[in-house]
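Worksheet: one structure, shown below.
Not measured: the values here are computed from a predicted model. What's counted below: heavy atoms across the whole structure, side chains too, no hydrogens, waters or symmetry copies.
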Amino acid sequence: MLNLDLRERSTFPAAAAAGLLACGLVAVPVPAHALPPAPLAPPACLQWGFAGPTGIVANGKTIVTFNGDGPSVNTSATANNLTVPISGFVDANKFISLSVSMPGPPPATETYAGAVGDDGIARGRISNTSPIVQSGGEWSTAAPLKCIKEAAPEKPKEGPTVSFDPIIGGLNVHITDRSGVTSQCTYDADGFTRTFRLEANSSTDLKIVPAIPKLDNWNINVTCDNGTSTQTTQFF
């Protein structure tokens, strides 16, 4: 493929030259400072999509604009003074691909492929089918895409269940995990403490012997290093 200079491009028909320049078919690397600032977006987005006016930026300027709605687009775009077809999609793995059909001569397809970051900005590399221009420039969207499907918030882990059975000289404390995460826990009953390991979705027994009855409610706290806890009382 040829790397054309301005004199060579000036021999092209005006419409074709405008199309090539508008869509970045003569591509050079984008300097790092040319990418637009990226505001933070929710980190757990399952599906990004287009939401209204969308711009493609290369070499520090917007070269293609179009209106999109949802994770796919098949519409007309404006590239400089040309109206050209654009189609593409964002998939659930955050891969994005947009293709612009240029009239030529010769006709060419400019493709913007890349990925959507957690900030909602799509970034990638430019390629084209023209035999007379160079691929390889960088592109980004001018603004974040819209998160159209967010991940469900994580359900809080439940604290362990605690039950008691009297035994000779004290109590048997039966503790069952409900978090699904193995942890190290502490049993505290009005200052009487025991540490123990609680396997995920399993139970353990603590035999509290001797335990002197005080004929009153014991304030009992079970706290685990997986972030769960249970508070209860037991008359003993």
Give me the atom names and distance for the closest heavy-atom approach of [X] to [Y].
{"X": "Thr129", "Y": "Ala108", "answer": "OG1-CA, 3.5 Å"}
{"X": "Gly52", "Y": "Asn67", "answer": "C-OD1, 3.3 Å"}
{"X": "Gly120", "Y": "Thr141", "answer": "O-OG1, 4.4 Å"}
{"X": "Ser101", "Y": "Thr109", "answer": "OG-OG1, 4.4 Å"}
{"X": "Val222", "Y": "Cys185", "answer": "CG1-CB, 4.5 Å"}
{"X": "Thr176", "Y": "Ser203", "answer": "OG1-OG, 2.7 Å"}

Rounded to the nearest 0.5 Å, how far apart are [atom1] of [X] and [atom2] of [Y]?
{"X": "Ile148", "Y": "Leu46", "atom1": "CD1", "atom2": "CG", "answer": "10.5 Å"}
{"X": "Arg178", "Y": "Thr161", "atom1": "CZ", "atom2": "OG1", "answer": "6.0 Å"}
{"X": "Tyr187", "Y": "Ile208", "atom1": "OH", "atom2": "CD1", "answer": "5.0 Å"}
{"X": "Phe164", "Y": "Leu206", "atom1": "CZ", "atom2": "CG", "answer": "9.5 Å"}
{"X": "Ile56", "Y": "Ser140", "atom1": "CD1", "atom2": "OG", "answer": "9.5 Å"}
{"X": "Thr54", "Y": "Lys146", "atom1": "OG1", "atom2": "NZ", "answer": "11.5 Å"}

Does some side-chain heavy atom of [Y] sit less than 4.5 Å from a side-chain heavy atom of [X]?
{"X": "Trp218", "Y": "Leu171", "value": "no"}
{"X": "Thr111", "Y": "Ser97", "value": "yes"}
{"X": "Leu98", "Y": "Phe66", "value": "yes"}
{"X": "Met102", "Y": "Val84", "value": "yes"}

- Hey, what's the ring geometry for Phe95 with Phe89, parallel, tilted or perpendicular (30° and 60° as the breaks)? tilted
- Message: Show, in sequence, the C-alpha distance, side-chain angles and deciding distance for Lys94 and Asp118, and conclude whether the side chain to side chain contact (heavy atoms under 4.5 Å, CB included) test is met.
- Response: CA-CA 9 Å; Lys94 302 182 181 180; Asp118 289 339; 2.9 Å; yes
- Item | Residues that Ser179 engages under side-chain contact (heavy atoms from CB on, under 4.5 Å), provided they are two or more places apart | Lys157, Asp177, Val181, Asn226, Thr228
- Given Phe50, which of Thr75, Asp69, Leu145 fulfils the side-chain contact (heavy atoms from CB on, under 4.5 Å) condition? Leu145
- Note on the structure: Given the options Ile126, Val64, Ile86, Glu110 meets side-chain contact (heavy atoms from CB on, under 4.5 Å) only with Ile126
- Check the pair Arg197, Thr204 against side chain to side chain contact (heavy atoms under 4.5 Å, CB included), reporting the backbone distance first and the verdict last. CA-CA 8 Å; Arg197 180 181 175 85; Thr204 191; over 6 Å; no
Just by distance, do the side chain of [X] and the backbone of [Y] share a donor-acceptor pair under 3.5 Å?
{"X": "Arg123", "Y": "Glu138", "value": "no"}
{"X": "Asn172", "Y": "Ile167", "value": "no"}
{"X": "Thr230", "Y": "Pro160", "value": "yes"}
{"X": "Ser135", "Y": "Asn128", "value": "yes"}
{"X": "Trp139", "Y": "Ala113", "value": "yes"}

- Item | Verdict with supporting geometry, Ile96 and Trp48, side chain to side chain contact (heavy atoms under 4.5 Å, CB included) | CA-CA 9 Å; Ile96 182 171; Trp48 294 97; over 6 Å; no
- Atom CG of Asp190 with >12 non-hydrogen neighbours under 6.0 angstrom: yes
